[in-house]
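Throughout, protein chains are lettered first and strands after them, A, B, ... in sequence-line order, and every chain is numbered starting at 1. Below, all heavy atoms of this structure are taken into account, side chains as well, without hydrogens, waters or symmetry copies.
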Amino acid sequence: MAYLNDNILDNGLVALKAAADRVFLCSQEPATYTQATSTYALGNKDFGGPGTVYPDPVVNGTPSGRSVTSRPVVYAEPGSVTATGTATHAAIVSSAESRLEIAKELDAPQVVTAGNTFTLTAQELRLPNLGG
Amino acid sequence: MAEITRKGDRIEIGSTVRIEAGPPLRRRKATADSLANSVTAAHYQIGRPDALGKLIEEGKMFSYLDHYGEKVYYVFQRRDIGTFEEPFTGKPDGSTPPLNEGSTNIRGYSYVFEDRGSFATEDEAIEFGQQLAGEE
């Protein structure tokens with residue numbers, strides 16, 4: 001196969017964009033929605049409804065494919081740390097669908113304490129086209 | 001027998017047990033062969049975190065989610081971890097609460113769904129989940 005239309009990649013990303021609403025910090029890589037949102041959850045940021053985590057359009061990826069970038073969790077509107085532990089992964093979920101969308105390791109583990117807040121940089125998701 | 005309900009991909013048994021399918025958690029020694037992208041997912045690499053968040057070191061055991069294998073059925077059980085109480089500071093839409101609500105605190109339970117095991121089939125997971133639900 002030598003060609004893949006952007007529409008094919010976009011539809012997967014558009015489905016993610018339409019549904020995702022929350023970001024969780026996790027103490028290990030979650031395999032399911034419940035693990036991400038409860039079992040291993042150390043904190044969360046609720047952006048307020050479906051479609052709020054990825055507000056920007058799908059764009060060309062580098063070096064190929066298509067990508068979307070999540071909203072950062074910023075100091076002015078931080079996430080809430082709900083349990084004490086070491087955060088090693090972040091997860092993006094669609095709570096209305098009870099669906100784990102993305103799990104990703106953090107750049108570096110971070111010790112967090114219940115009652116505090118957290119921030120998180122924007123996360124890009126790229127679906128590469130043929131050849132990478 | 002507790003009532004079984006399905007919500008999307010999730011199975012709930014009563015109000016305290018959940019079942020979800022997902023990739024199994026496995027362990028193996030970190031080698032060039034085991035870290036090949038055709039064997040374990042691309043993000044498992046030397047110097048990067050494994051599924052438990054520990055750095056993967058060559059020749060040592062690491063944990064990974066086996067995205068290429070058959071899914072398993074994880075069983076979770078709810079455990080209450082206490083009550084919480086927070087000041088009521090306003091309605092979710094940001095509007096000012098009526099005077100008679102201003103001093104009302106929010107009270108509730110906090111809980112966690114703990115991982116109680118995983119099973120190869122949905123039937124086995126439901127059978128175990130019913131046992132857990134029946135113990136309560």
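For A/Thr82, no part lies under 4.5 angstrom from a heavy atom of chain B. Using a 4.5 Å cut-off between heavy atoms, B/Pro49 touches chain A through its side chain atoms alone. For A/Tyr40, the part lying under 4.5 angstrom from a heavy atom of chain B is the side chain only. Of the two parts of B/Phe113, the backbone and the side chain both hold a non-hydrogen atom closer than 4.5 Å to a non-hydrogen atom of chain A. The part of A/Leu106 that comes within reach of chain B is its backbone (N, CA, C, O), which places non-hydrogen atoms under 4.5 angstrom from that chain. For chain A, no part of B/Arg79 is nearby; none of its heavy atoms comes within less than 4.5 Å. Both the backbone and the side chain of A/Ser38 come within contact range of chain B, each with at least one heavy atom under 4.5 Å from a heavy atom of that chain. For a residue to count as touching a neighbouring chain, one of its non-hydrogen atoms must lie under 4.5 Å from one of that chain's; by this rule B/Tyr44 touches chain A with the side chain only.
The choice from B/Arg48, B/Lys71, B/Glu114 that makes the most heavy-atom pairs within less than 4.5 Å of chain A is B/Arg48. Annotation: maximal heavy-atom pairing with chain B below 4.5 Å, among A/Leu100, A/Thr34, A/Thr39, occurs at A/Thr34. Per-residue heavy-atom pair counts under 4.5 Å with chain A were compared for B/Gly22, B/Ala21, B/Ala51, and the maximum is reached by B/Ala51. Note on B/Arg18, B/Lys54, B/His67, B/Lys7: by heavy-atom pairs under 4.5 Å with chain A, the leading option is B/Arg18.
Closest of all the heavy-atom pairs between B/Leu25 and B/Tyr74 is N-OH, 3.4 Å.
For the 3.5 Å distance criterion, the side chains of A/Ser95 and A/Asp21 qualify, holding a donor opposite an acceptor.
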